2 protein chains.
Amino acid sequence: MRKRNINVDLTSIDAYFKAGISVDCVIFGFDENELKVLLMRCNMEPYVGLWSLIGDMVHIDEGIDEAAHRILKYRTGLENVYLEQVKTFGSTERHPLGRVVSVAYYSLVKISDYKVSTTSRYLEEEWQNIYNEAHWHSIDDITDLAFDHNKILEESLNCLRKHVREEPVGFNLLPEKFTLSQLQNLYERILGVKLDKRNFRKKILNMKLLKDIKETQQNVAHRPAKLYSFDQERYQQLIEKGLIFDL
Amino acid sequence: MRKRNINVDLTSIDAYFKAGISVDCVIFGFDENELKVLLMRCNMEPYVGLWSLIGDMVHIDEGIDEAAHRILKYRTGLENVYLEQVKTFGSTERHPLGRVVSVAYYSLVKISDYKVSTTSRYLEEEWQNIYNEAHWHSIDDITDLAFDHNKILEESLNCLRKHVREEPVGFNLLPEKFTLSQLQNLYERILGVKLDKRNFRKKILNMKLLKDIKETQQNVAHRPAKLYSFDQERYQQLIEKGLIFDL
DNA sequence: GCAAAAGTGTTCACACTACACCCATGG
DNA sequence: CCATGGGTGTAGTGTGAACACTTTTGC
């Protein structure tokens, strides 16, 4: 019989099971040509009143990805949204209630799908439910957040910036049908650079990832732009052939 | 006075603090022209005897990065090694002892710094301490690992492959002084591709990240190669100027 | 007809690819 | 002198960057 050499002292094993796991979601949206993040008011000392990311404790019988989806659905009503794990924050002093390790996710949502509910709730806003309200904040206007959420936001944004160059994830922030200018604007805002219109269009159209849906804008005070939609099917095909998306 | 609307039921808050956090380190080394990973024997049912990554529970008063460094030092004796968080694995069923969320890190070590200690320990290997032994395994020879460690290894390897193209981290796997062929070999093994010798050398040398240390190999049965070392200082300068490393 | 954004091609510089032979050393 | 890996240059191709004017619509 094998002689076993247990490293863990079984009598004190419970000491290791006293941590909390939380998930914090950095929910990005794009509207009025601004990159925005959905934030809530924090109701926990010593951060009461500060804006915070949208998060919650992970239930003991729930996977972390599952928890992220639950939180997202609960706070935005949205399901099947784009969600990506960013990083885990686990310094000992990050949470006032005890040892809480937080797994950060970022999410990309079509802000128009969500806007209605926020707006209507916003209109009825009252003092007593201010803490339950989520609001969109322009990335550039964000200052002091609760907990270590400034750090989490920063890293998530870096992650998004990197990601958006390597995979066609930006489309998740736009409505189903969009113009090339909207798309260019999105990239410009996320990456913080100015792009050349002609070069951008050439590059994007060469990727063959956009379906020309034979529609144009309506009621705009200028030449109406063609509308495109992202061709998910085609993207899958190209991936299998070893496509490298590279903006 | 503000009316507060607490979301968390404070009476049941303890229910959230029953998880364990662990760190699993994927320790990469490069030797004999092979990419290797340091593994240990698992001593926990139902995985007893299987190879596993090197990990441990995070202490309740210890940050996760700190824990990763502790584990690395304990198992390899190495400090100040390259360590990078990869991803967090948090499905409910991944650990037999309870809810354990594991944060995966990958580490790049100069295998020569470690080799001595393993070798000497290896020589005195006995049945009763087999579980404490760590051994290098060629990436290609790894089959069934304990827990979800195959998955963790796979994701870490993907992360390394991606990373190695974007930042000059590969040097951490080589001795202080190395030849261009060694470096090329390293990249070929990690990326799983064959590279053109002349083009590789041109590209690398153009980056100006290598110091020519005016030494050559000794006692080799062919023309001795020049030795280089990575110029960390120069790299910092170039970063500040917005360098993009791109292999 | 004017304001506002859409749409469109060419040129140039640079980076990447492919490719084959001589060199220095140890045995 | 032979085996082994070290070391080198050029020509052709493709990709990214810079750049300005015409078109279509609403008002």
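Note on naming: letters A, B, ... go to the chains in the order of the sequence lines (proteins, then strands), and numbering restarts at 1 for each one. Just the heavy atoms: all of them, side chains too, but no hydrogens, waters or symmetry mates, feed the values below. This is a predicted model, so every value here is computed, not measured.
- For D:dT10, the base has a donor-acceptor partner in the side chain of B:Lys202 [N/O atoms by modelled type, under 3.5 angstrom].
- Atom C1' of nucleotide D:dA17 and atom CZ of A:Arg201 are separated by 17 Å, given to the nearest angstrom.
- Per the geometry, CG belonging to B:Asp196 stands 11 Å off P belonging to C:dA20, to the nearest Å.
- The separation between A:Gln184 atom CD and D:dA17 atom P is 13 Å, rounded to whole Å.
- Counting any heavy atom pair closer than 4.0 Å across all strands shown, A:Lys203 reaches sugar-phosphate atoms only and no base atom.
- Between the side chain of A:Arg223 and the base of C:dA3, no donor-acceptor pair of N or O atoms lies under 3.5 Å.
- For B:Asn199 and D:dG7, the CG to P distance is 16 Å, given to the nearest whole Å.
- The base of C:dT8 is not paired with the side chain of A:Lys226 by any donor and acceptor separated by under 3.5 Å.
- Rounded to whole Å, the distance from CZ on A:Phe200 to P on C:dG9 is 18 Å.
- Taking the charged nitrogens against the carboxylate oxygens, A:Asp212 and A:Lys226 do have a contact shorter than 4.0 Å, which makes a salt bridge.
- Whole-Å rounding puts the B:Gln218 CD to D:dG5 P distance at 18 Å.
- One can place NE2 of B:His222 at 18 Å from P of C:dC23, the figure rounded to the nearest angstrom.
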Practice problem: May I have the step-by-step check of ring-ring contact (aromatic ring centres under 6.0 Å, His included) for B:Phe171 and B:Phe178, ending in yes or no? | Solution: CA-CA 9 Å; B:Phe171 302 100; B:Phe178 52 86; 5.6 Å; yes
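- Remark: of the listed residues A:Leu157, A:Leu38, A:Leu39, A:Leu53, A:Leu53 is the sole one forming a side-chain contact (heavy atoms from CB on, under 4.5 Å) with A:Val26.
- Under 3.5 Å, the side chains of B:Asn206 and B:Lys203 contain no donor-acceptor pair of N or O atoms.
- Nearest-nucleotide positions on DNA chain C place A:Ala225 closer to the 5' end than the other of A:Arg198 and A:Ala225.
- Mapping A:Ala221 and B:Tyr228 onto DNA chain D by nearest heavy atom places B:Tyr228 at the nucleotide closer to the 5' end.
- Nucleic acid contact for B:Ser181: sugar-phosphate only, since backbone atoms but no base atoms lie under 4.0 Å from a heavy atom of the residue.
- Distance CG (A:Asp246) to P (D:dG16): 7 Å, rounded to an integer number of Å.
- No side-chain N or O of B:Glu240 forms a donor-acceptor pair with one of B:Gln236 less than 3.5 Å apart.
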